[in-house]
Every structure is written in C-alpha cells, then in structure tokens.
Amino acid sequence: MLSFFQMRPTRVLSKQAKLLLLSKHGTTTRFPPFFRFLTVEADASQLPPPPTTTTTDGAANVNQVVELLRSKDDNWDDEELRRLLSSAASVFTPPRLLQVIRRLGDSAKALKFFEWLQKDQLSSLLSLPSASYAYEAIFDLASKEPNHLLKLSELLITSNAHGVPLTSGSASIVVYHFGRAQMVTELLRVYDVLDPSLRKTRLCNSIVDPLLKSNRIEDALRILDDMLKPDSQCPPNDFTGSIVFITFLKSLIPGRILNEEQVIRLISKLGEHGVFPDVMRLTQLITKLCRGGNTDLAWDSLHAVMKMGGPVEAPSCNALLTWLGRSRDFERMNLVLAEMKEMGIQPNVVTFGILINYLCKSRRVDEALQVLEKMSREDGSGGVAIQPDVITFNTLIDGLCKVGRQEEALDLANRMKLQHGYSPNTVTYNTLIDGFCKAGEIDRSRELFDQMQEEGVAPNVITLNSLVDGMCKHGRISSALEFFHDVQSKGLQGNTVTYTSLISAFCNVNNIVKAMELFDEMISVGCSPDSVVYYTLISGFSRAGRLDDAYSVALKMQEAGFCLDTLSYNALLSGLCKKKKLDKAYELLREMEKKGIRPDEVTYNILISTLSTAEDFSNARMLLEKMISDGFVPTVVTYGALIRGYCRAGNLDEAMNILRDMDSISKVPPNTVIYNTLIDSLCKEKEIEAALSLMDDMQAKGVLPNTTTYNSIFKGLQEKNWLDKAFELMDRMNEQACNPDYITMEVLTEWLSAIGETARLRNFVHGYEVSSSPSVRQQKGDPWNNSSACHNAHKITSI
DNA sequence: ATAGGGTTAG
C-alpha cells in the first residue's frame, strides 16, 4: 500500500521510523514535496519530485472530502468519510490527503482528521513519510492562527507522541516562530527531536542565535559543537560567525559566561571552517577583552586568527598594541610589530602613534623622536613612508613637556607647522601651556594662551585648567581665581577639575574656609563632585588637623555614592597619626580591612613614619618586614621615615647606617629630602663638617640641594660663624637658581646684619656675586626682572 | 594626543 511512493528512508526519517518502514516493506519510496513553505534550508536533493500521476477523479474526491469535513463541524459522518476515501483508494493518494488537510484551513480540525485517520483502517494513508508531511501542513496552518506559539508547542509534543518525525519544513516553521519569541526550551526540543540529517546550517543558526541572545550559552555551545565537528553536516557559515562574534562583543563574555578556553576554541574551530571575524569585529573583540583586563586572551585571539590565515589588518593589531603599551609590555609590543612586518600587515599612522605614545609615557622621548624620523622615511626594505599627523606630533610635544623639555616641545610645534603644514590645534597649545605651567613659567603659558586666540584656536576647559593649576601650584592663587573669573565672563565654564585645583591650593595655604566656599560654589554651578575633589578636601582637612571635618567630608563622599579609596584612607590615617591619635588610626585600619580596601605602599610609609617618630623602632622595622612580605618595595620615602625617626631620637649613627644600606643593599637612590633630614640633624648637633661632607656627597651623586638644604646649612654655619663658607654657598644658591625663602632671609639677615655685611646680602638677593667682594660687580642680569626680554622667540611661528 | 589626588625634610 505504500507503493505509491518511491521510498528513500535514509535521510529524512528517524531511526525508529526507518526500522518500522523497512520491516514492513523494504522497498524504496519517494516523498512528495508538497509543502515547502518557509523551508529555510532549500535542499532539492532531500525532497522527492512531485508524483507523476494525478487524475481528475482524485481532484473531485479532494473537494468532496473537504466539503464533508468542513460542513459537519466536528462530527462528520464516519461512514461517509470512509466511503469517500476508500472508494477512490487507487486515486486518493497521500498527496491528495495533504491537499485536504491544507484546504481545511484549521489546524485543530486538521489534527482531528489526522487522528481519525490514524485510528481508522485507512491509516495506511498516513504511513510515516506522508504523516510527517501531513504534520508539516498542520504546523503551517497553526502558525497562521491566533495563539500560534502555544499551538505549535502542543503540536510539537503531539507529533512526537505520534512518533511522527519532523520534516525540514516543519522544523523551519517552528524554529522561525519559537526563535522570534525566544522560546529557548522549545527550540532545544526541536533540535533534539530533529533527525540529524535535517539539522542544516541555517536552521542551526536560527536556533543558536536566540539561545545566545537569551544568554543560554551552554545550550548554544552544545549545538555549536555539533556544527563545528570536522565532518559536520551543518558547517558554520558567515552568519554563524557573526552571531557568535556579536555575542563575544556583548561583554557578557569574557571570563564570566564564556571562559577563556571556550572563546579561543570557538575562534579556532570557526577558523578551521574558514569562518573568521571581520577586521572590525576582531578589533572590537580585542578592545573589549583588553578593557576587561584580559589582554592575554586578546593576544591569543589575534594570534589564533593570524595563524589560521584570517583577515588581520593594522586596526586589530593597534587595539592590542594600545593595551600592551598601557601595561608597559614593551616586549610583546615588539613581538606584535615584528609579526606585522613578517605577515606583511602594513602599519598605519595609528600604529606608529601607539609606539610613540608608549615611548613618551615611559619617558623615552628620544627613542620616540627617532620613531618619528623613521616613519616619514622610506626605508627601502618594503616599508612605506607613513606621514605623521597632528596627533603624532602632539603626543611627542606632550612627551617632551612631561620630561621638562618644553623648549624643544615648542621647537617641534614650529617644525610641525613649517615642515609639515599642520597648524597647532587646541591640544597642541594645551600641551605646551601645561608644560610651561608645570615648569613654573606661567607668563610663557599666558603668552601662548593669548597667541592661540589670536590665531583662532579656541581654548577649552583643559586650557583653563592647566593655567589655573599652574598658577595655583606656583603660589599665584589670586591670579588663578582672577584668571578663572576672567575666562568665565568670556563664556568658558570651569568644571570639577578647575575647582579641585583651586580647592587644593587653598587647602595648602590652610585657608579651609575658602576651600569649602569653592566646594559649595562648585556644586551650585552644577559641577558634580567626584572622588578626587572629595579626596582633596579630606586631605586638606586632615593636614590642617581638622579630623572631624575630614571625617564629615568622608561621610558626605560615601553618601554621594563614592567609596573611600586607599588614597582617602591614607589621608585620614596620616591626619590621625600626626595628631598621635593612634587608637583611631588602628580603628581606621580595621575599617579598611573590613571593607576590603587594600593598604598600599603609602599606607605602610605613614605607619612606619608614625612608629619611627614615636621611637618605636622595633615595630617600625617589623612593619617594614611585613611591607616587603606583602609584596611592596620600600622606597626612598620609607627609608626617609626611618632616618627621620633616628635623627629625632638623636641616633645619627643609625640614621647614617640606613643611608649606607640604601646605597649598598636596597639600591634605592637617596633624594634631596633624605639628605636634608640628615644635614639638618647634623647641623643641629653642631657637626657642620659632616653636614658639608654630605652636601659634597649630594653633588657627587647628582642630587640637587634645595632651599631647605641651604637653610639648614646656613643655620649650622651661623652657629660656628663660618662666613666664607656661607658666602660661597650663597653664590652657589644663585648659580643653581635656588630661590631663598623667608627662612633663608631670616637667618641671613640676622647673621649678616649683626656683623655689618648687609651689602653682601643685598647682592645675594639681586643675584650678584657675594663671595669675592661686597661691592657691586658686573651685572649678571636680574633674575627677578627678566620677564619679556625676547618673548617673540618663544612663539609658534605664524605662516 | 591635552587638565585636578600621596606618604618623608624645614
């Protein structure tokens, strides 16, 4: 009875169905391809050709059956139906049956008819292949009816219960609808009941995509694994790649939902099937992974694609290089650059920019300048010259400024304009202005500020902030305020950074009232406080000894939703220790520990300093051990704290021992502060020779003395009335452009006026030579009156 | 590519 069909059971049917058919007949039957709606996977070889014989009798019969089923609601005349179907047994073929079902236009009725046929002797009409197609027709009907999702879901269960395998068409219908509704459980059920030969790439994609979108990573991976098998029936295509890579990029991935191995495995397996992320996606993936702290995985991903011959271009490499640069991994940066060269991946201006930026940030400015020279030169070895852009230059200009070479930075800005035709932009000016401000050359910065406006380059809030901070840090707070108000009136608004600089400056001169006023003003003009400005206040209050106020700012900070960070805790801790409130300090330490805020090197330094000051050297040294065992490296500040403690305790020998240990054991070079501590103590102990020999030691080691050094020495010399040495040092102070402060003036005025040497003091303050003669010698140029001698030379050349 | 946060000396 199945002989209407040429059967080909191997592909479409489940094992169970195959056995059933083979045991009954063992002949080959072909399937009718009647219903191919929504067939996602159009595979003609799967589906048998349409039947070759049809008769008009049959067509008439279909009409009659449909008529009968539709007219008699659910209670059709069984006898009549049976008669219609069997009388035309030779012509009422399964294809006709499907025509009936399709024309019923109602899935419930169709299912009822199907079930009637199954119970009936005529169930032979529903031998398995056509049963599957009958179900496909019912699925199709249901999919167009109200409440289709529920119906499809029920039909899926019924068909399974009836032992009727899904056709590829049925699968397409349900997957399409379940996928749109993200019904992951149903999708998985479809996948599981579907004969493996029907699991085609596009169908699998349609299942995997909603699974990934619903975050069912494990389930998606199971299907992906099937797809990625070497001899897969449903190998991944570009769409598979794109849904997987998009999921990678949704940041759900790194570490949390997919682990590193899984990411790499997917990339490799997809690559084995020739599916790669495109240049943009790979770049985004690398950036995302790096941003999530997973530079290693980013490295592996890029290399996996490289190794398998996927498309890798400069932007993807640049993404990795950026982060390697940030983590100071120069070795791997070089490796990437070498690989790029080897693989013929052409670096672009960004690649060089990253390299230059890295070198600048590592203060290796000369090497950065060499890269600039190299990139604009054709090197004859296949390398193409890459013209630097404004960003390249700005990076270098900033690099020069940051190492205090602002004059060269200015030269480079000129070169950029004259030789390369790039006009300096706001960033160029900002960088230079900040450079000169940091060097204390506020007037030069103001000139640049005026110049940029003359040339039509708009200053922005960063320009403002550099100047305000520069003025603040160089004792010109009122100029800073004036300047701020000035630009405000011209329409340039400050921000939290502007206020932080000002607040910090007022805290430093102990004007807490003004600092608080500015904080309130900042909020009233709509700049939201951030952790830095809170820190600035906490630190300011702490240093002023106003711990209660510091605590109340800390409370405000937390109410605003910020956590106290290590820096803020250190500020409070330092304030408490200075006030010798050690109980409170330990309480704060316990709070830090409870909140999981790790102490850092500075925390240890504060505590070591406190213990040293209290002359509790055994505990100070024990803490030093703990600091080291916690993985911190003691610094010049740590040793400085110990040295200061021993000095204050009058144990200069031990203090000197530590200085020697720094040199011989720890290899920490001493700085000015260390020498100042020791020199001051030696002077106070009247050991002026030893102090002077330490000064020689400083000079030999290239450590510059500062005003504090000279102040201590002058006091010591005054005690012994060593005039000549004092004159010599006054000259050296001038030579080194080390400005006297009020303490210097106090000491020298008292001493020199008492012995009638005020003329030398006058020479000293005017920058003239002191030691040879008290009378006025040749002018060396007055360092306090040199403002605008040749300022045009400092300008960026106008074209 | 550019701006604001620290511990030690007097």
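We name chains A, B, ... by the order of the sequence lines, and we start the count at 1 in each one.
The base of B:dG6 sits with one of its N or O atoms less than 3.5 Å from a complementary donor or acceptor on the side chain of A:D600. You'll find a donor-acceptor pair under 3.5 Å spanning the side chain of A:D530 and the base of B:dG4, going by distance alone. For B:dG4, its base never sits under 3.5 Å from the side chain of A:S501 at any donor and acceptor pair.
Listed nucleotides: B:dT2, B:dG4, B:dG5. Nearest to the side chain of A:T431: B:dT2. Comparing B:dG10, B:dA3, B:dT8 against the side chain of A:K402 picks out B:dA3 as the nearest. Listed candidates were B:dA1, B:dG5, B:dA3. Nearest to the side chain of A:V461 is B:dA3. Relative to the side chain of A:N425, the nucleotides B:dA1, B:dG4, B:dT7 differ in distance, and B:dA1 lies closest. Checking B:dG10, B:dT8, B:dA1 against the side-chain heavy atoms of A:K715 singles out B:dG10 as nearest. Nearest to the side chain of A:N671, among B:dT8, B:dG5, B:dA1, sits B:dT8. The A:K361 side chain lies nearest to B:dT2 when the options are B:dT8, B:dA3, B:dT2.
Ring centroid separation for the pair A:F506 and A:Y499 does not come in under the 6.0 Å cut-off.
For the salt bridge (charged side-chain N to carboxylate O under 4.0 Å, His left out) condition, the pairs that include at least one residue of residues 671-683 of chain A, sequence neighbours left out, are A:D680-A:K684. Applying the salt bridge (charged side-chain N to carboxylate O under 4.0 Å, His left out) rule to pairs touching residues 533-545 of chain A yields nothing, sequence neighbours excluded.
Annotation: salt bridge (charged side-chain N to carboxylate O under 4.0 Å, His left out) contacts of A:E687 (sequence neighbours excluded): none. With sequence neighbours left out, the side chain to side chain contact (heavy atoms under 4.5 Å, CB included) criterion links A:R732 to A:M695, A:Q699, A:Y710, A:E728, A:L729, A:E735, A:Q736. By the side chain to side chain donor-acceptor pair (under 3.5 Å) test, A:T426 is found to be paired with no residue, residues two or more places apart in sequence or in another chain being considered.
OP1 or OP2 of B:dT2 has not a single side-chain nitrogen or oxygen of A:K438 nearer than 4.0 Å.
Within residues 389-400 of chain A, the residues that place at least one heavy atom under 4.0 Å from DNA chain B are, in residue-number order, A:I391, A:N394, A:T395, A:D398.
Straight-line distance from the CD1 atom of A:I356 to the C1' atom of B:dA1: 11 Å, rounded to whole Å.
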